[in-house]
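Every chain is numbered from 1, with letters handed out A, B, ... down the list of sequences.
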Amino acid sequence: MLDKKYNHIEVEQGKYEKWYKKGYFEAGDLSKKPFTIVIPPPNVTGKLHLGHAWDTTLQDIIIRYKRMDGYDALWLPGMDHAGIATQAKVDAKLRENGINPRDMKREEWLKHAWEWKEEYAKNIRDQWAKLGLSLDYTKERFTLDEGLSYAVKHVFVELYKKGSIYRGERIINWDPVQMTALSNEEVIYREEKGAFYHIKYFVENSDEYLEVATTRPETLFGDTAVAVNPNDERYKHLIGKKVVLPIVNKLIPIIGDEHADPEFGTGVVKITPAHDPNDFEVGNRHNLKRVVIMNPDGTMNENTGIYKGMDRFECRQKLVEDLKKQNLLIKIEEIIHSVGHSERSDAIVEPYLSKQWFVKMRPLADRVLEVQKNKDQKVNFVPERFEKILKHWMEITYDWCISRQLWWGHRIPAWYKGDEIYVGYEAPKEDGWVQDEDVLDTWFSSALWPFSTLGWPEKTNLLKRYYPNDVLVTGYDIIPFWVCRMVFQGLEFLDERPFRDCLIHGLIRDKQGRKMSKSLGNGVDPMEVIDKYGADALRFFLATNSAPGQDLRYDEDKVKATWNFINKLWNASRFVMMNLEDYTPTKIKVEELSSSDKWILDKQNKIIKLVRKHMEQYEFNVVGAELYHFIWNDFCDWYIEFAKINMTNQTKNVLVYVLKNILKMLHPFMPFVTEEIYQKLPNSDESIMISEYPKWNEEYEFSYDVNNINNIIEIITKIRNVKSETNISAKFLLVNNLDDNYQFLINDNREIFEKLLKCTIVDEIESDMNKIDVPLTYGSVIIGYKGIHEKLDIEKLKQEKQKLIDSINRREKLLANQGFINNAPEHIINEEKRKLEEEKSALKNIGEKLKG
RNA sequence: GGACGAUUAGCUCAGUUGGUCAGAGUGCUACGUUGACAUCGUAGAGGUCACUGGUUCAAGUCCAGUAUCGUCCACCA
């Protein structure tokens with residue numbers, strides 16, 4: 001027997017370990033059709049947040065559903081080494097302990113990083129367990145493990161051979177704190193206060209000067225030209241002459257280039273090819289020298305004279321003062337502009353000339369765009385609109401900077417000897433080759449995740465069976481970084497999309513609608529929610545409270561409401577079990593069932609069909625609403641009440657059968673409590689996890705009985721309604737009106753009416769009684785009562801009457817409209833007619849009430 | 001500047017291809033505790049579906065435009 005109250009802590013205790021030990025999470029039954037999801041690998045940098053809980057819950061729901069529905073369901077777990085993020089954390093930890101990570105040898109530092117990884121990986125696994133995720137740990141992978149590292153090397157070598165990977169000097173986004181290059185996606189732009197410094201660049205041997213405006217004056221040390229638009233009448237005559245570079249007093253040319261926009265600022269641009277991507281291009285067009293003026297840590301280098309060694313911002317300040325002194329500064333114009341920050345260190349990113357490795361994107365991206373045109377080969381986004389993000393990125397794509405000046409990651413498989421480069425799996429045999437110090441961008445390995453985890457590039461059985469994956473689940477914020485890259489790498493190396501469907505969800509926001517973030521401190525720890533309300537409540541809340549692709553506001557009250565729902569389920573189950581003492585389980589015999597038994601079987605049958613349909617479409621909010629309504633309103637409010645009155649052995653069969661199906665349909669959403677209850681019901685399988693998902697059953701369609709019960713429900717509801725409105729609190733009579741359509745129904749179900757309405761049924765009204773006629777769809781019933789009741793609210797009745805008159809007029813007009821009659825489908829027209837009749841009858845009734 | 005999303009009951013959100021679609025949860029009001037559940041039951045109140053046009057017999061639903069909020073991208077010498 002169950003306790004009176006649902007206790008999520010007791011219920012969730014120990015179940016996960018049992019499932020795990022029994023091997024239920026493991027895929028590999030070759031007799032079944034495979035179904036695959038690989039988890040988006042969380043970073044080994046910390047705790048899982050609510051977003052992870054949401055993302056993984058959705059996946060667990062899909063995988064548990066498919067497993068119960070007869071698939072060999074593989075959900076492959078794993079984690080991401082998360083290069084910059086993890087390195088930053090490990091460094092911070094070392095510094096806390098008074099160790100400067102830069103003083104360490106690479107090997108020594110890596111030891112610390114691996115220790116960190118082990119610790120955090122364990123935390124993450126513990127959190128997965130608390131969430132109840134049915135992951136196949138026998139196939140768990142890590143982006144830096146041996147197999148995946150080999151896959152990474154293979155991809156690098158192959159792309160290099162094809163000429164799709166090259167090494168070159170480019171302007172990249174440089175993080176002076178982490179001292180590494182960043183990809184464009186790792187730069188976050190924020191609107192900030194800044195200034196335009198207007199500086200005089202005097203024309204050689206002249207009093208004339210050009211007014212140059214810049215936000216980064218300190219870069220002038222790297223200026224190798226000043227550009228004006230060749231069509232700009234103001235400056236045309238100066239092209240080919242030279243200006244004096246302020247402070248440095250060096251001569252640099254004035255060039256004509258389209259890059260200079262006459263409309264913008266002064267129309268004059270200083271050109272710093274080593275510190276600005278546009279200037280780099282201009283420099284290439286005009287064969288300008290590239291002068292790097294900073295060190296990797298953001299201090300000024302030997303090309304800046306007396307400013308050498310200053311931090312870039314200190315230098316800026318000093319330089320501006322000096323310009324002012326020399327009367328070279330015209331003005332400082334305060335502006336708001338967007339400034340790039342490193343996603344991880346938050347340092348202001350410096351565009352910086354540096355030698356890096358790149359992936360040539362155009363051919364890879366074109367392949368994606370091509371495949372997305374073919375409906376059998378494309379990745380199907382759910383909701384569809386997110387495909388646009390993929391396409392957009394593949395259209396605007398630029399070459400991908402993949403080298404990072406870090407230690408934590410896959411070391412680039414390239415060796416140098418003088419000007420020679422060797423790219424391969426192993427170091428060349430001869431002496432003198434030195435391996436590239438850098439590692440690859442984390443996303444370079446994540447991009448291979450759907451197949452590297454299955455053993456690729458080896459032609460493993462796993463790969464053959466589980467690639468392509470069936471669905472990938474992730475947030476829309478990660479489409480550019482990850483989804484895009486998996487798609488082009490999958491197409492490039494496996495010649496096939498990495499996954500058939502891509503289910504996209506939104507972001508979690510706080511109750512005020514703000515993004516959850518560390519800086520706001522508004523993050524919610526899913527583990528705390530689980531402690532308070534249970535994983536089942538959290539999961540159901542996460543999965544059912546938003547439409548696909550929409551953001552989700554975290555609202556504790558809703559989690560609480562979900563807990564209440566589970567408690568309701570718990571108590572309904574408790575009721576069922578209380579009635580099973582003298583129960584003999586048998587097969588359900590249709591011929592022995594009552595109308596209400598058939599009614600609930602029919603209802604459930606329809607729900608099963610609906611739930612399956614929406615499960616397939618990943619519309620979990622709809623599934624949640626359907627199940628909620630079915631359980632609370634149909635099963636608890638009506639069927640259990642009917643069952644109390646007529647508790648036959650067959651009814652017990654039905655109670656158990658329906659409850660088990662309810663539990664099975666809820667199981668993917670709330671695995672723990674459904675298992676707990678299921679185990680306590682007679683003739684259950686070893687675990688609900690491996691039981692069969694409910695199927696629609698053609699034997700359980702009972703339209704006649706459904707009608708009957710629906711009529712009974714209507715009578716009861718409408719009488720309750722009148723009773724409540726008129727405040728008849730004493731016992732009253734339901735008169736069985738012999739002339740009425742409902743006569744037999746009432747006669748046959750006397751006990752139901754008497755119990756649920758707390759009334760007595762009589763055949764004739766007593767002479768000293770008042771009576772009220774209760775209108776129903778196909779007639780009416782009469783209730784009689786002794787004594788007085790509160791007067792009917794005349795004002796309210798009048799309002800209702802007016803509403804009815806308006807509605808009747810509207811409907812009559814509609815039905816008189818030839819266009820409507822000709823065009824609308826028949827069932828709509830009939831429905832309108834029916835409603836019209838109903839309203840007319842109700843109007844008549846109100847008229848009588850008002851008279852009385 | 002471009003793209004996308006949101007705008008529906010006090011609050012948080014659902015509303016598939018136009019017609020049982022104006023809904024749910026929560027909150028609020030009234031009544032109700034003799035065995036599944038007061039973390040409950042029964043009943044009730046509430047919304048010109050942001051605004052303006054258009055298409056249609058028929059528009060939260062489709063089209064065009066406007067407003068507000070949010071997100072992403074691009075630009076920013």
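- Of the side-chain N and O atoms in A:N579, none sit less than 4.0 angstrom from OP1 or OP2 of B:A36.
- Note on residues 540-559 of chain A: pairs passing ring-ring contact (aromatic ring centres under 6.0 Å, His included), not counting sequence neighbours, are A:F540-A:F565, A:F540-A:F669, A:F541-A:Y554.
- For A:E837, the side-chain contact (heavy atoms from CB on, under 4.5 Å) criterion is met by A:K840, not counting sequence neighbours.
- Between the base of B:C4 and the side chain of A:K388 there is no donor-acceptor pair shorter than 3.5 Å.
- As rounded to whole Å, 11 Å separates atom P of B:G25 from atom CZ of A:F565.
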Strand RNA chain B in bracket notation, Watson-Crick/G-U under 3.5 Å with | for pairs to another chain:
(((((((..((((.....[...)))).(((((.......))))).....(((((..]....))))))))))))....

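- Here the P atom of nucleotide B:C37 and the CG atom of A:D3 are 13 Å apart, to the nearest Å.
- Phosphate proximity of B:G25 to A:N545: absent, as no side-chain N or O sits under 4.0 Å from OP1 or OP2.
- Residue A:K644 has a polar side-chain atom (N or O) positioned under 4.0 Å from OP1 or OP2 of B:A36.
- Contact detail for A:A643 and A:T651: the closest heavy-atom pair is CB-CG2, 3.7 Å.
- Atom CG in A:D557 sits roughly 12 Å away from atom P in B:U12 (whole-Å rounding).
- Here the separation of B:G19 from B:U7, taken at their C1' atoms, is 25 Å to the nearest Å.
- Distance noted for atom P between B:G46 and B:U29: 16 Å (whole Å).
- By the 4.5 Å heavy-atom criterion applied to side chains, A:V673 and A:H8 are not counted as neighbours.
- At least one side-chain nitrogen or oxygen of A:R553 sits closer than 4.0 Å to the OP1 or OP2 atom of B:U12.
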Pull out every protein N or O sitting under 3.5 Å from an N or O of nucleotides 71-77 of chain B, one pair per line with the distance.
residue: B:C72; atom: OP1; partner: A:K515; partner atom: NZ; Å: 3.4
residue: B:C75; atom: N4; partner: A:S338; partner atom: OG; Å: 3.4
residue: B:C76; atom: OP1; partner: A:N278; partner atom: ND2; Å: 3.0
residue: B:C76; atom: N3; partner: A:S338; partner atom: OG; Å: 2.6
residue: B:C76; atom: N4; partner: A:S338; partner atom: OG; Å: 2.3
residue: B:A77; atom: O3'; partner: A:A213; partner atom: O; Å: 2.5
residue: B:A77; atom: O3'; partner: A:T214; partner atom: N; Å: 3.2
residue: B:A77; atom: O3'; partner: A:T214; partner atom: OG1; Å: 3.1
residue: B:A77; atom: O3'; partner: A:T215; partner atom: N; Å: 3.3
residue: B:A77; atom: O2'; partner: A:A213; partner atom: O; Å: 2.7
residue: B:A77; atom: N1; partner: A:D261; partner atom: N; Å: 3.1

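- A side-chain N or O of A:E192 and one of A:H341 form a donor-acceptor pair less than 3.5 Å apart.
- A:N173 pairs by the side chain to side chain donor-acceptor pair (under 3.5 Å) definition with A:N184, not counting sequence neighbours.
- Within 90° of 0 lies the glycosidic angle of B:G60, which makes this nucleotide syn.
- Checking A:N564 against A:R574, the closest nucleotide of RNA chain B that is more toward the 5' end is the one next to A:R574.
- Note: A:I631 CD1 to A:C636 SG = 7.5 Å, rounded to the nearest 0.5 Å.
- Few gaps surround CD on A:Q512; more than 12 heavy atoms of other groups in view lie less than 6.0 Å from it.
- The shortest distance between the side-chain N/O atoms of A:K723 and the OP1/OP2 oxygens of B:C31 is not below 4.0 Å.
- Taking all atoms of both residues into account, the shortest heavy-atom contact from A:L245 to A:I252 is CD1-CD1, 4.0 Å.
- Among the heavy atoms of the strands, none lies under 4.0 Å from A:E395.
- Contact annotation: A:K560 does not reach the phosphate of B:U26 (side-chain N/O to OP1 or OP2, under 4.0 Å).
- Interface remark: the A:K558 side chain does form a donor-acceptor pair with the B:U12 base, using a distance-only criterion of under 3.5 Å.
- With sequence neighbours excluded, the residues satisfying side-chain contact (heavy atoms from CB on, under 4.5 Å) with A:N633 are A:H629, A:D637.
- B:U17 and B:U61: their C1' atoms are spaced 11 Å apart (whole Å).
- Considering only residues two or more places apart in sequence or on other chains, A:W400 meets the side chain to side chain donor-acceptor pair (under 3.5 Å) condition with A:D441.
- At the heavy-atom level, A:N817 lies under 4.0 Å from the strands shown only through sugar-phosphate atoms.
- Going from the P atom of B:A22 to that of B:G47 covers 16 Å, rounded to whole Å.
- Nucleotides B:C63 and B:G5 are separated by 11 Å at their P atoms, to the nearest Å.
- The CD atom of A:E556 sits 14 Å away from the P atom of B:G27 (whole-angstrom rounding).
- As judged by a 4.0 angstrom heavy-atom cut-off over every strand, A:K4 is placed among residues touching the sugar-phosphate backbone only.
- Between A:E218 and A:R312 there is no salt bridge, since no side-chain N of the basic residue sits under 4.0 Å from a carboxylate O of the acidic one.
- Listed by chain and number, the residues in a side-chain contact (heavy atoms from CB on, under 4.5 Å) with A:V654 are A:I588, A:L593, A:D597, A:I600, A:L601, A:Y639, A:V658 (sequence neighbours excluded).
- Counting only heavy atoms from C-beta outward, the side chains of A:H505 and A:Y476 never approach each other to under 4.5 Å.
- With hydrogens and angles left out, the side-chain atoms of A:R290 and A:N284 include a donor and acceptor closer than 3.5 Å.
- Protein atom CD of A:Q550 is 11 Å distant from nucleotide atom C1' of B:G70, rounded to whole Å.
- For the side-chain contact (heavy atoms from CB on, under 4.5 Å) test, residues two or more places apart in sequence or in another chain that qualify with A:P351 are A:I171, A:R216, A:P277.
- The phosphate of B:G41 (OP1 or OP2) has a side-chain N or O of A:W632 nearer than 4.0 angstrom.
- Across all strands shown, A:T717 has heavy atoms under 4.0 Å from sugar-phosphate atoms exclusively, and none from any base.
- Under the side chain to side chain donor-acceptor pair (under 3.5 Å) criterion, A:D582 pairs with A:K652, not counting sequence neighbours.
- If you measure from atom OH of A:Y628 to atom C1' of B:G25, you get 6 Å, rounded to the nearest angstrom.
- The separation of B:C75 from B:A64, taken at their P atoms, amounts to 29 Å, rounded to a whole angstrom.
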What's touching nucleotides 16-20 of chain B from the protein side, N or O pairs under 3.5 Å?
residue: B:U20; atom: N3; partner: A:E831; partner atom: OE2; Å: 2.7
residue: B:U20; atom: O4; partner: A:E831; partner atom: OE1; Å: 2.6
residue: B:U20; atom: O4; partner: A:E831; partner atom: OE2; Å: 2.6
residue: B:U20; atom: O4; partner: A:R834; partner atom: NH1; Å: 2.7

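- A:K568 has its NZ atom 12 Å from the P atom of B:G25, to the nearest Å.
- Spacing between atom CD1 of A:I719 and atom P of B:C31 amounts to 23 Å, rounded to whole angstrom units.
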Hey, what are the protein-to-nucleotides 8-10 of chain B N/O distances that come in under 3.5 Å?
none

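- One C1' atom belongs to B:U33, the other to B:C40, and the distance between them is 9 Å to the nearest Å.
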